[in-house]
**Student:** 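Quick one: this structure, given as structure tokens, is what I'll be asking you about.
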Amino acid sequence: MSEATISLLNSKSLMAVFGPRDQHLRRIRTELGVNIITMGDQLRIEGTAEAVAQATAVLERLKTLAEGQESIEADQVGQILSFVKTGRAPADVTSIEVFQAKRRIQPMTQGQARYVAAIRSHDITMCVGPAGTGKTYLAVALAVEALKHEQIRKIVLVRPAVEAGEKLGYLPGDLQAKINPYLRPLLDALGEMMDYDQLKRFTEQDLIEMIPLAYMRGRTLNDAFIILDEAQNTTSAQMKMFLTRMGHGSKIVVSGDTSQIDLPPQTVSGLNDAVDRLHDIAGITLVRLSGSDVVRHRLVQDIVQAYERPKRRSAT
């Protein structure tokens with residue numbers, strides 16, 4: 001038998017780690033076969049040496065999550081347990097600092113850890129991966145961190161205005177109202193990293209700019225963190241135009257899911273084209289994420305994997 005002791009957090013964070021009615025704690029005990037005892041401001045873990053090491057790794061990871069969010073979902077606990085049990089625990093990557101004082105964002109998988117490290121160490125990062133892998137969220141978090149530490153002067157968030165298989169017609173309102181549906185996912189990510197008043201102020205001061213891809217033509221952006229989201233829906237010409245907007249002191253992240261291309265038939269995706277053309281240029285890196293990096297609801301990972309498998313022929 002072996003044992004280990006870890007310090008507890010404040011009562012609010014402790015509730016997040018334990019889960020509603022201690023369901024997270026019970027799951028860890030059951031899946032890893034350990035005994036976990038609360039002793040004042042500490043937790044004592046008892047069991048085999050391997051099980052204790054795994055339980056300690058899981059609880060430490062949950063402690064880190066609890067520092068940045070009010071509650072922890074059962075799916076997150078399941079992912080961490082899976083990573084630790086299979087020896088695929090996320091790499092030790094420094095958490096991402098955003099404007100929400102108590103929120104710390106960390107990669108949840110090895111693929112996400114590679115993605116974060118790549119962005120921090122390269123001027124241009126291209127990321128290809130399915131829905132739910134955190135491509136947009138982590139890039140926006142790193143942009144916010146860079147702005148917070150005054151490493152850049154502004155954030156520019158860009159999306160191609162391509163409809164996902166639907167004809168939306170003429171949208172009402174001014175320019176901002178027309179493009180808001182396309183930029184909403186970027187705005188949602190920002191909303192989790194700073195409060196509304198701060199986001200509004202930064203937008204008014206032009207420290208954060210959200211624009212459709214077409215409005216990038218003719219610009220040169222210095223000291224900026226520029227993110228192109230849904231890049232699979234760019235043409236080769238649009239991608240070239242976007243990448244050549246980069247000025248001194250800037251960083252670019254290009255992300256997309258090449259299984260969800262909404263371009264007209266026979267049109268080559270600018271993301272696929274860029275991956276082929278630019279992968280061997282120094283200073284540019286490519287990160288590929290997979291279904292194992294999905295961090296949304298458990299069913300999203302199953303859905304992604306189902307669509308990646310060859311379709312079975314129906315009986316005739």
**Student:** Run the side chain to side chain contact (heavy atoms under 4.5 Å, CB included) check on Thr5 and Ile45 step by step: do they pass?
**Tutor:** CA-CA 6 Å; Thr5 303; Ile45 308 162; over 6 Å; no
**Student:** Going by an N to O cut-off under 4.0 Å, is there a salt bridge joining Glu145 and Lys148?
**Tutor:** no
**Student:** Any donor and acceptor pair, going by atom type alone, linking the side chain of Asp293 with main-chain N or O of Ser290 inside 3.5 Å?
**Tutor:** yes
**Student:** Check each of Arg201, Gln198, Lys200, Met194 against Ile208 using the side chain to side chain contact (heavy atoms under 4.5 Å, CB included) test, and report the only one that passes.
**Tutor:**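 Between Ile208 and the candidates, side chain to side chain contact (heavy atoms under 4.5 Å, CB included) is satisfied uniquely by Met194.
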**Student:** Mind running salt bridge (Lys or Arg N to Asp or Glu O under 4.0 Å) on Lys154 and Asp223 for me, showing each step along the way?
**Tutor:** CA-CA 7 Å; Lys154 71 181 300 180; Asp223 301 312; over 6 Å; no
**Student:** Less than 4.0 Å between a side-chain N and a carboxylate O, is that true for Glu230 and Lys135?
**Tutor:** no
**Student:** What is the minimum heavy-atom distance between Pro212 and Val158, and which atoms define it?
**Tutor:**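 Between these two residues, the closest heavy atoms are C-CG1, 4.1 Å.
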**Student:** With a 4.0 Å cut-off on N to O distance, would you call Glu46 and Arg29 a salt bridge?
**Tutor:**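 Judged by the 4.0 Å cut-off on N to carboxylate O distance, Glu46 and Arg29 do not form a salt bridge.
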**Student:** The test is side chain to side chain contact (heavy atoms under 4.5 Å, CB included); show your working for Val268 and Thr235 and say whether it passes.
**Tutor:** CA-CA 6 Å; Val268 176; Thr235 64; over 6 Å; no
**Student:** Heavy-atom distance under 4.5 Å between the side chains of Val128 and Asp257, does that happen here?
**Tutor:** no
**Student:** Out of curiosity, does Met126 fall in the hydrophobic cluster containing Ile281 (side-chain heavy atoms, cut-off under 4.5 Å, transitive links)?
**Tutor:** yes
**Student:** Can you tell me if Lys251 uses its side chain to pair, donor with acceptor, with the backbone of Ile119 under 3.5 Å?
**Tutor:**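 Yes; judged by distance alone, with no hydrogens or angles, the pair exists.
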**Student:** Applying side chain to side chain contact (heavy atoms under 4.5 Å, CB included) between Met239 and each of Leu228, Leu278, Asn272, report the one that passes.
**Tutor:**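 Only one of Leu228, Leu278, Asn272 forms a side chain to side chain contact (heavy atoms under 4.5 Å, CB included) with Met239, namely Leu228.
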